[in-house]
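Shown next, in structure tokens, is the structure this report addresses.
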Amino acid sequence: DIFHYVYGILHSPQYRERFEADLKKMLPRIPLAATSDDFLAFAAAGQQLMDLHINYETVEPYPLEELVTPAAGLDEYALFAVTDKKMKYAPNTDKSTLIYNPHVTLRGIPDEAHAYQLGSRSALGWIIDRYYIKTDKESGIVNDPNAWSRGQGDPRCIVDLIKRVVRVSVETVRIVDALPGLTWGNTLDTDKVSSVIRREV
């Protein structure tokens, strides 16, 4: 419960805003819950978030609309393959539509999918930035995400990953928006907690 509580606190927008500068240079200080009800609410939210984030590869894909234009001679692996160009959003800064490749476009991405940030960008932004075929200039090694799809025997592997990341992002925002407010007082010193845990172990 304490572990889940801490995970819930670390997702609190109120906590992140107040300690934004400190979190860049020191270990986090975790505020103690004002009431037992607040503790239980943060612990329950933290458990939901943890389950969602650990099991992101098995969540139900978000029902994005697929606009698919088949081409002669393309099997499913080629149809749903990423290319050597990054995916991109539709023109006019429309982030509800993602051009996946020349044959596949995904439409209906909700705003919440962009609100969940991992560092400096959204979870979906990380996928867009990394999932394309690229060749290292020095070694000549080719990084081809499509090899994973073929290895899994699933031509839709990357498309469904995008849908799952959208689902995780939307659900994360929903859970975070329902977190209780924080009151500032005593904080949990993570240095001391770590040393106690090490002694107990």
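Computed from heavy atoms alone, side chains included, the values below leave out hydrogens, waters and symmetry copies.
- A donor-acceptor distance shorter than 3.5 angstrom exists from the side chain of N101 to the backbone of A81, with no hydrogens or angles considered.
- No cation-pi contact links R164 to Y56, judged by a cut-off of 6.0 Å to the six-membered ring centre and 45° from its axis.
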Cut-off 3.5 Å, no hydrogens considered: what does the side-chain donor-acceptor table look like for residues 169-182, sequence neighbours left out?
{"residue": "S169", "atom": "OG", "partner": "V165", "partner atom": "O", "Å": "2.8"}
{"residue": "E171", "atom": "OE1", "partner": "R174", "partner atom": "NE", "Å": "2.9"}
{"residue": "E171", "atom": "OE1", "partner": "R174", "partner atom": "NH2", "Å": "2.9"}
{"residue": "T172", "atom": "OG1", "partner": "H53", "partner atom": "NE2", "Å": "2.9"}
{"residue": "T172", "atom": "OG1", "partner": "V168", "partner atom": "O", "Å": "2.7"}

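- When every heavy atom of P28 is checked against every heavy atom of L23, the shortest pair comes out as CB-CD2, 3.7 Å.
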Review point. Given I162 and M87, is the side-chain contact (heavy atoms from CB on, under 4.5 Å) satisfied, shown in steps?
Key: CA-CA 11 Å; I162 290 171; M87 301 172 223; 3.6 Å; yes
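- For the atom pair NZ of K86 and CD1 of I127, the computed distance is 12.5 Å after rounding to the nearest 0.5 Å.
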- Could you go step by step and tell me if L161 and Y131 meet the side-chain contact (heavy atoms from CB on, under 4.5 Å) rule? CA-CA 11 Å; L161 173 63; Y131 275 69; 3.5 Å; yes
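- Atom CG of D94 sits in a crowded spot, with more than 12 heavy atoms from other residues, nucleotides or ligands closer than 6.0 Å.
- In this structure, E112 CD and L124 CG are separated by 13.0 Å, a value rounded to the nearest 0.5 Å.
- Among residue pairs with one or both ends in residues 87-111, those qualifying as ring-ring contact (aromatic ring centres under 6.0 Å, His included) are Y89-H114; sequence neighbours excluded.
- In plain terms, the two heavy atoms of P110 and V166 that are nearest each other are CD-CG1, 3.9 Å.
- Within the 4.5 Å cutoff, no side-chain heavy atoms of E66 are placed close to those of L64.
- If you chain together hydrophobic residues whose side chains sit under 4.5 Å apart, Y132 and I99 never meet in one group.
- When the side chains of ILVMFWY residues are joined at heavy-atom separations under 4.5 Å, either directly or via intervening members, L74 and L106 end up in a single hydrophobic cluster.
- With hydrophobic clusters built from ILVMFWY side chains whose heavy atoms lie under 4.5 angstrom apart, I133 does not share a cluster with Y77.
- In this structure, the side chain of R16 engages the main chain of L10 through a donor-acceptor pair within 3.5 Å.
- D129 contributes no side-chain N or O that, together with a main-chain N or O of G125, makes up a donor-acceptor pair within less than 3.5 Å.
- When atom types are taken as modelled, the side chain of R130 and the backbone of I128 share no donor-acceptor pair closer than 3.5 angstrom.
- Open room surrounds CD on E17; 12 or fewer heavy atoms of other groups in view lie less than 6.0 Å from it.
- Side-chain atoms of N146 come within 3.5 Å of backbone atoms of V82 as a donor-acceptor pair (strictly under, hydrogens ignored).
- Annotation for S122 and A113: closest pair CB-O, 3.9 Å, computed over non-hydrogen atoms.
- Contact record, F80 with P155: CB-O, 3.2 Å, taken as the closest heavy-atom pair.
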Checklist entry - Hey, mind stepping through R121 and W126 against side-chain contact (heavy atoms from CB on, under 4.5 Å) and telling me if it holds? => result CA-CA 7 Å; R121 68 192 77 177; W126 280 103; 3.2 Å; yes
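- Taking hydrophobic clusters as Ile, Leu, Val, Met, Phe, Trp and Tyr residues chained together by side-chain heavy-atom distances below 4.5 Å, W148 does not share a cluster with V104.
- Annotation for R150: atom CZ counts as buried by contact number, over 12 foreign heavy atoms lying within 6.0 Å.
- To the nearest 0.5 Å, atoms CG (D38) and CD1 (I9) are separated by 8.5 Å.
- The closest donor-acceptor contact from the side chain of N55 to the backbone of T58 lies at 3.5 Å or more, if one exists at all.
- Shown here for S12 and F42, the closest heavy-atom pair between the two residues is CB-CE2, 4.3 Å.
- In the hydrophobic cluster analysis, where Ile, Leu, Val, Met, Phe, Trp and Tyr join through side-chain heavy atoms closer than 4.5 angstrom, I54 is grouped together with Y7.
- Counting non-hydrogen atoms of other residues, nucleotides and ligands closer than 6.0 Å to NZ of K134 gives a total above 12.
- A heavy-atom distance below 4.5 Å is not found between the side chains of L32 and F39.
- Looking at every heavy atom in both residues, V142 comes nearest to T135 through CG2-OG1, 3.6 Å.
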